[in-house]
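What follows is a set of notes on a single structure, which appears directly below.
Since the structure is predicted, the reported quantities are computational estimates derived from the model, not experimental observations. So you know, we letter chains A, B, ... as the sequences are listed, proteins then strands, and number each from 1.
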Number of protein chains: 4
Amino acid sequence: MVDSVSQNVDLASESTWSPREVELLEVTLQLLQENGYDRLTVDAVAATARASKATVYRRWPSKAELVLAAFTEGIRQVAVAPETGTLRGDLVRLGELVCEQIGQHAGTLRAVLVEVSRNPALNEVMQQQFVDQRKSLMLEILGEAAARGEIEAAAVDEDLWDVLPGYLIFRALVSGRAPTARTVANLVDNVILPGLTRDMDS
Amino acid sequence: MVDSVSQNVDLASESTWSPREVELLEVTLQLLQENGYDRLTVDAVAATARASKATVYRRWPSKAELVLAAFTEGIRQVAVAPETGTLRGDLVRLGELVCEQIGQHAGTLRAVLVEVSRNPALNEVMQQQFVDQRKSLMLEILGEAAARGEIEAAAVDEDLWDVLPGYLIFRALVSGRAPTARTVANLVDNVILPGLTRDMDS
Amino acid sequence: MVDSVSQNVDLASESTWSPREVELLEVTLQLLQENGYDRLTVDAVAATARASKATVYRRWPSKAELVLAAFTEGIRQVAVAPETGTLRGDLVRLGELVCEQIGQHAGTLRAVLVEVSRNPALNEVMQQQFVDQRKSLMLEILGEAAARGEIEAAAVDEDLWDVLPGYLIFRALVSGRAPTARTVANLVDNVILPGLTRDMDS
Amino acid sequence: MVDSVSQNVDLASESTWSPREVELLEVTLQLLQENGYDRLTVDAVAATARASKATVYRRWPSKAELVLAAFTEGIRQVAVAPETGTLRGDLVRLGELVCEQIGQHAGTLRAVLVEVSRNPALNEVMQQQFVDQRKSLMLEILGEAAARGEIEAAAVDEDLWDVLPGYLIFRALVSGRAPTARTVANLVDNVILPGLTRDMDS
DNA sequence: TCATAAGCGAGACGGTACGTCGTGTCTTACG
DNA sequence: CGTAAGACACGACGTACCGTCTCGCTTATGA
């Protein structure tokens, strides 16, 4: 379980952008957060970075891919399990991390979503950067809880592992109500934990 | 309780588009589903509807608002409580409805989200059309379940009423894994219901 | 000769616009002088006159005809022979009249020219209002001069009767140098009169 | 004197349009003569020249300026003194040249006049392309005639040098009667020459 | 006196051109 | 050879205007 995580982390860190490319991506991310996707122009990116458009397009074949690269670069971070010692602590910490990450990049993520759904290659990258990494993390947390006897191993639903981050992301992106620490606590206590421990009482 | 429902229905139907406007929105929605957001052109909408671009822009000041209007018009439907007689049945039915609605318009919704987050007025509309309506529906379902004694009234969390639709929307929009009937059933059985009935067993 | 003049005057005065129509034409002329032909809009005319566009179009079938009507209405005036007693006096007076008339309506005339050249019917009206009237006037002046023995009757060139007004109009409309009283005097003394009296010296 | 002519030729040729620009102007002029000013569309110009509208608008900020440029380009020609050896010959040739040039572009010139009168910058260009060039030509012709003793140097009126072309232009643009070769001959013989030689007989 | 019609204001409408802007490709000249 | 600068074709956007039309309201005439 730990292996798969580090694997993902390695994969994520594997993106070897040259310094110049990093600079371009940073400019892109900056402008993206300021303007949103479709008010961002490649010309502006090039001009701000004192680069030529050709320089941009040599690396990323379209605006969409440029933006996605900038986004994944911006959101990448070492995915380390919380290790608070209790399932509830781990889940709450995880939820708060999600809130933190998403909160900063809500606009960007909204913008990127449009393109991701159109381009399978982008979707692939997105899944790796965003989903798989988180999945391993979550499964690791649950695995440890099961090892501690807090939940039954069978309670882990393969399909619904992402209810916690998923709902929080929904709150941040779609609904107008950004999630707070209270939201996370309530969610864990009233929804996630009851779901995981539903068979423990019997 | 029934009254509140009909009230909602009225509210929902209250968006008074003229016949011509409805026609324009239908054309927009049609082309939207065929082509996606940015391959949709306002010229095409006007031409297909045998209308002038000015006629379109007189109503909706930008392509984004036109698309949002078409989307909310398309997603709107009689908001009637499922009334299956059991809480589980109601929830499953509600979840399936959400899947159905979102499934057709995922791309559109993604595109619309970007604009909504920028324009407070659009956000307002979005909230009313999308969120509030669903909220009263959900609260009604829960209220009836409480009346039947299936759950305690206290179990209804004011903040987390939208976990069911929210997670499903997340699945459809953000994660690459569109929710299925199985997803809904699992979600209701393993997450939502345990959360609602967590205090019933004690 | 006098008859033909009064005939023209009558023709010119014959245009019987209703008070409302005169008002519309005045507004048109006003806006025309302020904005020029293509920055003038029929909507603006209607709005300024607190009229409906239908009211305008009921009278004049196109913007061009409206503008021409306004122009001819604005420029119309009793064409009376100067009768100064000498050919030079008559010519100078005529030239000054032309300068005066054209000076006020140079912009309008420029604007109208475009349309006149396209629409034969407008051209017809233009000829009557603008050209024929002047022609009779000039021929009358020359006829009286011939009667006084100032010039030979043969010196009157049928084709070149409009050199005096024509050149002045050219100066006002095309060349950037608007004609002055000095211009008129020089023109009469150094060009027109020598042309008319060229055979008198022999 | 010959130097001043070549100078003018150089000046006239000095308008340095790039080959692409010349191509665009030629297409514009072509469509202009086929369709007239307002049936000419910038889209058609761009399409015919296999150019983008942006390419057109990068050079000329409006349709009016494009047309003016095309017109002055089209009307420009080697401004060489006729050199027929006699004043009359020179004048007639000059007049015929004017008729020829204007005849083809009357409609265009009419359209252009409106814009020129509004935009001082265009007026400037117009003056240089159209007026100044012609003026030095005319003064050269008169100078040579004076050198030959055909006229007195004093007969050249600084203000009225453009009666010949001016009246012809008036005839072509304003009056409905386009000038012919006979018109030119009559004008030169009956008006211009008498004016220039009026003091020779004494 | 009332109604039926004709004229009017207001302004939506189809059509079409304008002028702007952004993407992705390409060329030129520099280092 | 990679790069900065930026022109270019393509095509959508949003605006403006023309000439037509429909809608009510008012006014003026005819029973």
Side-chain angles (χ1 to χ4, degrees), chain A residues 18 20 24 35 37-47 49-67, chain B residues 18 20-21 23-24 35 37-66, chain C residues 18 20-21 24 35 37-47 49-67, chain D residues 18 20-21 23-24 35 37-47 49-66:
Chain A
S18 78
R20 190 66 218 257
L24 288 170
N35 306 315
Y37 181 83
D38 45 4
R39 291 222 286 243
L40 167 78
T41 69
V42 180
D43 290 75
V45 170
R50 298 195 161 280
S52 164
K53 276 206 294 179
T55 304
V56 177
Y57 278 101
R58 191 170 300 117
R59 267 102 171 170
W60 302 280
S62 72
K63 172 182 168 180
E65 302 219 28
L66 166 66
V67 166
Chain B
S18 78
R20 189 72 173 121
E21 286 163 340
E23 190 185 341
L24 288 169
N35 306 315
Y37 180 80
D38 48 3
R39 281 206 295 245
L40 167 78
T41 70
V42 180
D43 291 76
V45 171
T48 306
R50 291 202 152 275
S52 165
K53 273 206 293 180
T55 302
V56 178
Y57 280 103
R58 193 173 301 118
R59 264 93 170 185
W60 302 281
S62 70
K63 174 182 167 179
E65 301 218 27
L66 166 65
Chain C
S18 78
R20 191 65 218 258
E21 286 161 343
L24 288 170
N35 306 315
Y37 182 82
D38 46 3
R39 291 220 285 242
L40 167 78
T41 69
V42 180
D43 290 76
V45 170
R50 297 193 159 281
S52 165
K53 275 206 295 177
T55 304
V56 178
Y57 278 102
R58 193 172 298 119
R59 267 99 172 172
W60 301 280
S62 72
K63 172 183 168 181
E65 303 220 27
L66 166 65
V67 166
Chain D
S18 77
R20 189 73 173 124
E21 286 162 341
E23 190 185 340
L24 288 169
N35 305 317
Y37 180 82
D38 48 2
R39 282 207 293 246
L40 167 79
T41 70
V42 180
D43 290 76
V45 171
R50 292 200 150 278
S52 165
K53 275 205 293 179
T55 302
V56 177
Y57 279 103
R58 194 174 299 119
R59 266 94 170 184
W60 302 280
S62 71
K63 173 182 168 180
E65 301 218 27
L66 167 66

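Counting only heavy atoms from C-beta on, A:R20 has its side chain closest to F:dA4 among F:dG19, F:dA4, F:dC8. Here the side chain of C:A54 is nearest to one of F:dC8, E:dT23, E:dA10, namely E:dA10. Picking from F:dT3, F:dC18, E:dT25 the nucleotide with the shortest atom distance to the side chain of A:Y57 gives E:dT25. Taking the side chain of C:R58 as heavy atoms from C-beta on, and the options E:dG24, E:dA10, E:dG7, the nearest nucleotide is E:dG7.
Between D:W60 atom CH2 and E:dT20 atom P the separation is 15 Å, expressed in whole Å. As rounded to whole Å, 14 Å separates atom P of F:dA4 from atom CG of A:D43. Look at CZ on D:R39: it is 14 Å from P on E:dC18, rounded to the nearest Å. Atom-to-atom, NZ of A:K63 to P of F:dA12 comes out at 16 Å; the value is rounded to the nearest Å. If you take CD of C:E21 and P of E:dG7, they are 12 Å apart, rounded to a whole angstrom. To the nearest angstrom, C1' of F:dA7 lies 15 Å from CD of D:E23.
If you take NZ on D:K63 and OH on D:Y37, they are separated by 5.0 Å, rounding to the nearest 0.5 Å. Between C:D38 atom CG and C:T41 atom OG1 the span is 11.5 Å, to the nearest 0.5 Å.
For E:dG11, the OP1/OP2 oxygens have no side-chain nitrogen or oxygen of C:S52 closer than 4.0 Å. The side chain of D:T55 places an N or O atom within less than 4.0 Å of a non-bridging phosphate oxygen (OP1 or OP2) of F:dA9.
Residue-to-nucleotide proximity on DNA chain F shows that, of A:A46 and B:S62, the 5′-proximal contact is made by A:A46. Residue whose closest nucleotide on DNA chain F sits further toward the 5' end, between B:V42 and D:S18: D:S18. Taking for each of A:Y37 and C:A49 the nucleotide of DNA chain E with the nearest heavy atom, the 5'-most of the two is the partner of C:A49.
Under 3.5 Å, the side chain of B:K53 and the base of F:dG14 form at least one donor-acceptor pair of N or O atoms.
Backbone-only contact: A:L40 has heavy atoms under 4.0 Å from sugar-phosphate atoms and none from a base. Heavy atoms of D:R59 sit under 4.0 angstrom from primed sugar atoms or phosphate atoms, though from no base atom. Counting non-hydrogen atoms under 4.0 angstrom, B:D38 reaches nothing in the nucleic acid.
Between B:S52 and B:A46 the shortest heavy-atom distance is C-CB, 3.9 Å.
Counted by atom type alone, C:S18 and C:E21 present one or more donor-acceptor pairs between their side chains at under 3.5 Å.
Annotation for B:R39: atom CZ does not count as buried by contact number, only 12 or fewer foreign heavy atoms lying within 6.0 Å.
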